[in-house]
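Okay, so here's the structure we're looking at.
Just so you know, residue 1 is the first one in the sequence shown, and it goes up from there.
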Amino acid sequence: MSSVNVAFAGVDIQRYLGLAEHNPVLDPKIGPDNSAPNRSLYNNGAGQPDFSNNSQPSPDDVKQEGYGDCYFDSTLAALAQQHPDQLKNMIHDNGNGTFTVTFPHQKDNGAGNLWGLFGDDYHDVKITVSDKDLPSNGTSSSDGTAKWPEVMEAAYAKLRGGYDAIGNGGNPTDAMAALTGKSADYYSPKDGAGKIEQALKDGKLVTISTPESDGDQAGMEAGKNPHGLVGGHAYTVTGVCTGPDGKKYLELRNPWGFDHPQNIPLDQVNDGSIAEVEIGNA
C-alpha cells in the first residue's frame with residue numbers, strides 16, 4: 001500500500017510471513033474441541049453470550065489463549081472499545097443454542113461474478129456457531145465469564161476456513177475489514193503516529209504491530225522490544241494521554257489480558273519498536 005514508504009518496505013514482507021503472530025501458549029491442537037460439548041455458549045442464564053460490562057462488550061473481555069491470532073483479538077478489543085453496540089448487534093441469538101454472527105459487506109469475487117471481472121461484489125456473510133465450535137484453548141474473557149469473544153473467534157474461523165487458517169498469524173487490517181465491512185490501512189510508524197489521536201476521536205479502530213524479535217531491531221533484549229513490547233505481536237491502541245512531562249503517550253492493551261506495556265511517547269514510536277500502525281474505519 002502506498003501509505004508505507006520505501007524505506008519501510010520490509011513491513012510488506014513481514015505481513016506475508018505472518019506479521020503479529022505471537023502465541024502466548026504453545027499448543028499444537030488446532031481446531032474445535034469437540035471433546036467438551038458442555039462448554040455452552042449460554043453463560044448468564046438468559047440465552048445470551050454474556051457481555052460483562054453492563055450488558056455491553058468491553059475490551060477487557062478479550063483474552064488471547066492458544067492461537068496465534070493476536071491480530072484478530074487486538075482488533076476485536078478495539079471494536080469493543082470504539083463501537084460496543086455495533087459489535088453486540090453482530091451477534092444474533094437463534095434461540096436454539098446457536099448464535100449467528102454477521103460480517104458486513106464482505107468482498108466476494110467468486111465464479112458468480114467471474115472473479116471480479118464485472119466489478120467488486122460485496123454482501124453480508126452470516127456465520128452460525130454452536131458450543132461444538134468453541135475450542136478449549138480459544139479466545140476467552142479475562143475473568144472467564146463473557147462468552148462473546150469465543151463466539152466471535154469461532155465465527156471468524158469459519159469465515160476464513162478454520163482455526164488453522166486464523167491461528168498462525170495474520171494482519172489486523174484484514175480483521176478490521178472483516179469485522180466492519182469497511183476499509184483499513186497500515187502505515188509506517190513515522191507516517192502513522194500523527195494520525196492516531198484523530199483516528200481515535202473519529203471512532204476508528206487503531207492497533208499497532210511489532211517487528212519479529214530477530215535481534216537486529218533497536219533496543220531489543222531477551223525477545224522484547226523497548227517499552228515492554230513483545231516482538232511479533234499486535235496491541236490495541238486504547239488512547240492517547242498527556243504525561244506529567246507534557247508529552248503525549250500511546251496507551252496500549254495486550255490482547256493476552258495481562259502484561260500490558262508501558263505507555264509509549266508518541267515521539268518515540270519510530271525507534272524500531274513498532275513495525276506499523278493499523279487504522280480501520282468502523
Contacts of D267 that satisfy salt bridge (Lys or Arg N to Asp or Glu O under 4.0 Å) - sequence neighbours left out: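 By the salt bridge (Lys or Arg N to Asp or Glu O under 4.0 Å) rule, D267 matches K247.
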Using the test salt bridge (Lys or Arg N to Asp or Glu O under 4.0 Å), find all partners of K195 that sit at least two apart in sequence or belong to another chain.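 Residues passing salt bridge (Lys or Arg N to Asp or Glu O under 4.0 Å) with K195: none at all.
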Considering all heavy atoms of both residues, which atom of [X] and which atom of [Y] are nearest to each other, and what is their separation?
X    : Y    : result
Y235 : G228 : OH-O, 4.1 Å
A199 : V206 : CB-CG2, 3.9 Å
A184 : T173 : CB-O, 3.8 Å
E153 : F72  : CA-CE2, 3.8 Å
P104 : A178 : CD-O, 4.0 Å
P255 : C70  : CG-CB, 3.9 Å

Stepwise side chain to side chain contact (heavy atoms under 4.5 Å, CB included) check, V237 with R253: CA-CA 7 Å; V237 180; R253 180 185 185 276; over 6 Å; no
Are H260 and F258 close enough that their ring centers fall under 6.0 Å?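 No, the ring of H260 stays outside the 6.0 Å limit from the ring of F258, centre to centre.
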So, [X] and [Y]: side-chain donor and acceptor under 3.5 Å apart, yes or no?
X    : Y    : value
N168 : D164 : yes
T100 : K126 : no
E276 : S209 : no
D191 : S188 : yes
D124 : Q106 : no
S183 : N281 : yes

Has the side chain of [X] got a donor or acceptor atom that lies under 3.5 Å from a matching backbone atom of [Y]?
X    : Y    : result
K182 : A282 : yes
T75  : Y71  : yes
E251 : N263 : no
T210 : V230 : yes
Q81  : T238 : yes
D133 : A154 : no
H227 : Q262 : no

Please step through side chain to side chain contact (heavy atoms under 4.5 Å, CB included) for the pair D185 and I279, ending with a clear verdict. CA-CA 6 Å; D185 205 351; I279 297 176; 5.9 Å; no
To the nearest 0.5 Å, what is the distance between [atom1] on [X] and [atom2] on [Y]?
X    : Y    : atom1 : atom2 : answer
K190 : I274 : NZ    : CD1   : 15.5 Å
L252 : T236 : CG    : OG1   : 8.5 Å
L87  : S58  : CG    : OG    : 10.5 Å
K201 : Q82  : NZ    : CD    : 12.5 Å
F103 : M90  : CZ    : CE    : 5.0 Å
I196 : I208 : CD1   : CD1   : 8.5 Å

With the 4.5 Å side-chain cut-off for hydrophobic clustering, are L200 and V277 part of the same group?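 Yes, because L200 and V277 connect within a single hydrophobic cluster, where side-chain heavy atoms sit under 4.5 Å apart.
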Do V240 and Y249 belong together in a cluster built from hydrophobic side chains that touch within less than 4.5 Å?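 As far as the 4.5 Å side-chain criterion goes, Y249 and V240 are not connected within one cluster.
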4.5 Å side-chain heavy-atom contact, [X] and [Y]:
X    : Y    : result
K88  : W148 : no
F99  : I127 : no
E212 : H233 : no
M176 : E278 : yes
V129 : T98  : no

For side chain to side chain contact (heavy atoms under 4.5 Å, CB included), just list the numbers for H92 and N94, CA-CA rounded to whole Å, side-chain angles, deciding distance to a tenth of an Å, and then say yes or no. CA-CA 6 Å; H92 176 72; N94 297 318; 3.1 Å; yes
Working for side chain to side chain contact (heavy atoms under 4.5 Å, CB included), residues L159 and V125: CA-CA 8 Å; L159 178 73; V125 176; 3.7 Å; yes
